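Quick notes on the structure that follows.
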Amino acid sequence: MSIKNILNLRFQAAMQSLNIPSECSPLLTLSGKPQFGDYQANGAMGAAKRLKTNPRQLAQQIVDRLDLEGIAEKIEIAGPGFINITVNNHFLSDCLGNCLEKPSLKPETVVIDYSAPNLAKEMHVGHLRSTIIGDALARILDYQGQQVIRQNHMGDWGTQFGMLIAELELQLSHGERAELALSDLEVFYQQAKKHFDADPEFADTARAYVVKLQSGDANCLKLWKQFIDVSVAHNSAIYQQLNVGLKAEHIKPESAYNDDLQWVIDHLAAKQLAVESDGAKVVFLEELADKNGDPSAMIVQKSGGGFLYATTDLAALRYRVNQLNAARILYFIDARQSLHMKQVFTTGRKAGFVPDSVSLQHHAFGTMMGSDGKPFKTRTGGTVKLADLLVEAVQRAEQLVRQKNNNLDEQEIKTIARKVGIGAVKYADLSKTRTNDYIFDWDAMLSFEGNTAPYLQYAYTRICSIFRKADIAMEKFSANVTILEPQEKQLALKILQFNEVVEQVAIDCYPHSLCNYLYELSSLFMSFYEHCPILKSDVTVETAQSRLQLCTYSAAILQQGLDLLGIEVMEKM
């Protein structure tokens, strides 16, 4: 149990003994300045207002009932009723022994919908945020012991596939092999579109193939399957390079719900939720009415009988609730789809597809922008392929590694460059508030200074170098910690906040909070390293052992925290 949770329980007991209403929280926070202690409880003011009494007097009454023997070194009341707590160093040392224990929570089934590329094209930078933010949350919830089910809702159905399989059939008839024809999906798509626009006969064939595909025509399905297999292989290679946990078994594409779509429409019609409008089936939602009072309209079936994303998303909701038994469903989809997700969630509830006990959460995110403040593009204005971006990241990182350390062999350079380059791209994204747009900047993300992945990776290697110099195996080292200096205490307190931060990210799905924590931990470690000698001859054995143990804990938390973000560390850099 974290120090904050321990303090919370003791404060709640004291407040309960004074008959303070249970909804009045201790409002425990970390102190902003060391002179105000380590933690601060600010709940006395709110409770006093509720009870119509003097807040400072109430704070004193809480302190009089507070049992922090062996936990707090000092308790002070400041201002109108702030309660400042300075934690006992011996208690802090004892808690450090459990800092690597995973939290014990009641597990629930969490379904996470993320990445979801369209298989008609190669993955581009627009898929990066959903993929890495969703994966970070999957890792964090896995770490907590939740039953995590990843769902990659790939776009593998729709009118464009008639055009694509018609083009593939044409190229195969000329002796081309499917994997070669589709080696560059972007080029293949452009060829098919150009052919579609220029050749009316080809366009008619493509339209006919859409109908055949949706009707289960064996030849069309065979061609479609070849296209899908090659496309999935492209995406799987990207996931592997990104160190993302999505596998083939996590793919649940749009086509998987085909058999349920008509049932969804019939059910919505029977519940009088879907009504006919200009030949289409539409759900009108008063709950999402605009400022003029006009209900929000969501089309679930076209006038020609075709289905839409909304239909498939509703079928996916049914599957996730009824088959996967989800208690919580998280969607990582960009902010432009916010209205669509509200429509799907509201309709799913009204239709009875999702009970109130299941939490539906759309965690929107902003856009990756170029230096011009516009969505990130190539110099010629085209879409940036994700594969190309990652290759460039590793190349740039390799140049930096060669500049900074010429004592590494070629294999070490390649391995470090991959970890630094990929880590830099991911961390630059994850360290920004999810809901904000951000500027893509190579120099900033690959910097070894500031809140970047290379800085954190370097902090880890710095610790490894200490143990190499001492000729001690870090993973086998164990010693008691005795806190003597302020820098040691600040580092220890930060180490013990790890699970608190992870718990908060698991709730609000803002990975930047974990990034900020790891940056603060690294900064505090650097300060500790500068002010608290470890291997110098005038340092006692006991002090050196204690400080080495603090190094061990710092390294373990850094490695674990970065792993939750999908970023690798290395012993040399």
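Predicted model, so just to flag it, every value in this text is computed and none were measured.
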Would you confirm whether the ring centroid of Phe365 sits within less than 6.0 angstrom of the ring centroid of Phe332?
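When the ring centroids of Phe332 and Phe365 are compared, they turn out to be at least 6.0 Å apart.
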Is the distance between the ring centroids of His362 and Tyr331 under 6.0 Å?
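No, the ring of Tyr331 stays outside the 6.0 Å limit from the ring of His362, centre to centre.
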If you measure only the distance, is there a donor-acceptor pair under 3.5 Å linking the side chains of Lys414 and Gln411?
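No, Gln411 and Lys414 have no side-chain donor paired with an acceptor closer than 3.5 Å.
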Tell me yes or no: between the side chains of Gln60 and Asp64, is some donor less than 3.5 Å from an acceptor?
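On atom types as modelled, these side chains qualify, holding a pair under 3.5 Å.
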Strictly distance-based, threshold 3.5 Å: is any side-chain N or O of [X] a donor or acceptor partner for the main-chain N or O of [Y]?
X: Asp142; Y: Gln147; result: no
X: Asp441; Y: Ala444; result: yes
X: His127; Y: Met123; result: no
X: Ser130; Y: Ser115; result: yes
X: Ser236; Y: Val232; result: yes
X: Thr433; Y: Asn436; result: no
X: Ser431; Y: Cys515; result: no

Aromatic plane relationship, [Y] with [X] - under 30° parallel, 30 to 60° tilted, over 60° perpendicular:
X: Phe525; Y: Phe528; answer: tilted
X: Phe448; Y: Tyr458; answer: perpendicular
X: Phe498; Y: Tyr143; answer: perpendicular

Could you measure the distance from the [atom1] atom of [X] to the [atom2] atom of [Y]? Nearest 0.5 Å is fine.
X: Ile132; Y: Leu137; atom1: CD1; atom2: CG; value: 12.0 Å
X: Phe467; Y: Ile472; atom1: CZ; atom2: CD1; value: 6.5 Å
X: Gln559; Y: Leu518; atom1: CD; atom2: CG; value: 12.0 Å
X: Asp429; Y: Met368; atom1: CG; atom2: CE; value: 5.5 Å
X: Ile483; Y: Asn89; atom1: CD1; atom2: CG; value: 5.0 Å

From the options Ile71, Leu66, Asp38, select the one residue that forms a side-chain contact (heavy atoms from CB on, under 4.5 Å) with Leu7.
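The side-chain contact (heavy atoms from CB on, under 4.5 Å) with Leu7 is passed solely by Ile71 among Ile71, Leu66, Asp38.
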Do you know which of Val569, Asp563, Leu565 makes side-chain contact (heavy atoms from CB on, under 4.5 Å) with Ile567?
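In the set Val569, Asp563, Leu565, the residue that makes a side-chain contact (heavy atoms from CB on, under 4.5 Å) with Ile567 is Leu565.
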So is Arg434 actually on top of Tyr510's ring, under 6.0 Å and inside 45° of the axis?
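Here Arg434 passes the 6.0 Å and 45° test against Tyr510.
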Over all heavy atoms of both residues, which pair between Val394 and Ala417 is shortest? Give the atoms and the distance, please.
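Answer, listing the atom of Val394 first, then Ala417: O-CB, 3.9 Å.
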Look at Arg320 together with Asp113 and state whether they make a salt bridge at an N to O cut-off of under 4.0 Å.
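A salt bridge is present here (some side-chain N lies under 4.0 Å from a carboxylate O).
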Can Arg402 and Glu398 be counted as an ion pair, charged N to O under 4.0 angstrom?
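Result for this pair is yes, salt bridge flagged.
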Should we count [atom1] of [X] as having more than 12 external heavy atoms under 6.0 Å?
X: Glu392; atom1: CD; value: yes
X: Glu249; atom1: CD; value: yes
X: Asp471; atom1: CG; value: no
X: Asn480; atom1: CG; value: no

Applying side-chain contact (heavy atoms from CB on, under 4.5 Å), run through Glu571 and Arg468 and close with a yes or a no.
CA-CA 10 Å; Glu571 293 187 6; Arg468 277 199 304 274; 4.1 Å; yes
Working for side-chain hydrogen bond (donor to acceptor under 3.5 Å, both in side chains), residues Thr53 and Gln57
CA-CA 8 Å; Thr53 189; Gln57 290 179 358; 4.8 Å; no
